[in-house]
Undergrad: 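Input: one structure, supplied below.
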Amino acid sequence: MTHDWSQLRDLATRIAGEAGALARARRSHAVIEPVATKSTDVDIVTAADQATEQLIAERLTGARPHDAIVGEEGADRAGSSGVTWLVDPIDGTTNFFYGLPGWVVSIAAADDDGVAAAAVYDPTADVMYSAHRGGGATRNGRQISVSPVSPPLSRALVGTGFSYRSDQRTRQAEILLRVLPEVRDIRRLGSAARDLCLVAEGAYDAYYEAGLNRWDLAGGWLIAAEAGATVAYLTPATKTRRLLLAAAPSLFGDLAAVLSAAGADTDP
Ligand code: IPD
Ligand code: CA
């Protein structure tokens, strides 16, 4: 079955805008408290995460009743169209919980060949990133691209993120010790989806993180790739915690080599 991915991108964009407005309103009008924890005690879920995902699932079901949905908070549904929506209602829940900016809504549509349409919306900055396969990437409607002339690794600003599990964080800190002396500086802003969009618009030169979920990275991966970044896993599909690297093409190999020398791509 063929799909009009630009239409699906527009649908994702509309729903991400509405969902982001809902989450932003919840943030400003209600006391935000965790209602549950997930992988560890510091991996929180708020009622706003759940309400935002419910709204997204309702809108997707209304518009595309035969598509499948995989949502971070469990709004999963089987489908028959060959399209699967990957939904992260609030990526950067810790930022959201603390009242920090930099949390986003991420909605992506995939087929057997991968993600083909996506929207990532940052409601605190009112910035919408969108992309569809072969159609480039936009920020608030304007085409974006990674910097054509990227700096050497020693002048590169590199984003990363950490697991919610303390044993994995120990390993991530060891890898960071090897990366930090090799680059301009490191950022840990708290949303993988937004981190990938920052690579897309050239605000980061690169971003790496291990162990992300499909909903964390689906939308941002497409947006970064459509903006010209090289985006790939450095670990084989047999690994459960795969290492993702997104970078301006000329930087990718050098940073991959540093990560590899630190053993980041051979982690269990
Ligand atoms: C998390 C964020 C964070 C990343 C974690 C993710 P959540 O997602 O993307 O930046 O470092 O790996 O789990 O829990 O805020 O939806
Ligand atoms: Ca997430």
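We count ligands from 1, going down the list as the structure has it; atoms in each ligand are counted the same way.
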Undergrad: Could you tell me the residue and atom name of the protein heavy atom closest to atom 14 (O) of ligand 1, and the distance to it rounded to 0.1 Å?
TA: Y164 OH, 2.6 Å

Undergrad: Closest non-hydrogen protein atom to atom 16 (O) of ligand 1, residue and atom name please, with distance?
TA: E72 OE1, 3.1 Å

Undergrad: Which one of R139, R9, E226 satisfies the side chain to side chain contact (heavy atoms under 4.5 Å, CB included) criterion with S130?
TA: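 With S130 as partner, side chain to side chain contact (heavy atoms under 4.5 Å, CB included) holds for just one option, R9.
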
Undergrad: Do T46 and D49 have side-chain atoms, one donor and one acceptor, less than 3.5 Å apart?
TA: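 Note: T46 and D49 side chains meet the donor-acceptor criterion.
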
Undergrad: To check your reading of the model: name the closest protein heavy atom to atom 6 (C) of ligand 1, its residue, and the distance in Å.
TA: D216 OD1, 4.0 Å

Undergrad: For atom 2 (C) of ligand 1, what's the nearest protein heavy atom and its distance?
TA: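 Of every protein heavy atom, D91 OD1, 3.5 Å lies nearest to atom 2 (C) of ligand 1.
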
Undergrad: Under 4.0 Å, heavy atoms only, figure out whether ligand 1 is touched by the backbone of L212, its side chain, both or neither.
TA: side chain

Undergrad: Where does D88 meet ligand 1, judged by heavy-atom distances below 4.0 Å: at the side chain, the backbone, both, or neither?
TA: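 Looking at D88 and ligand 1, just side chain atoms fall under 4.0 Å.
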
Undergrad: Between ligand 1 and I90, can you find any atom pair, the residue atom being a heavy atom, that is separated by under 4.0 Å?
TA: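 Within the 4.0 Å threshold, so yes.
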
Undergrad: Do any N or O atoms from the side chain of R155 and from the backbone of R184 form a donor-acceptor pair under 3.5 angstrom?
TA: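 Side chain of R155 to backbone of R184, a donor-acceptor pair under 3.5 Å: no, none is there.
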
Undergrad: With respect to R188, determine whether any N or O atom, backbone or side chain, lies less than 3.5 Å from an N or O atom of ligand 1.
TA: yes

Undergrad: Can you tell me the protein heavy atom closest to atom 11 (O) of ligand 1 and the distance?
TA: E209 OE2, 2.6 Å

Undergrad: May I ask you to list the atoms of ligand 1 that are less than 4.0 angstrom from any heavy atom of A192?
TA: 2 (C), 9 (O), 10 (O)

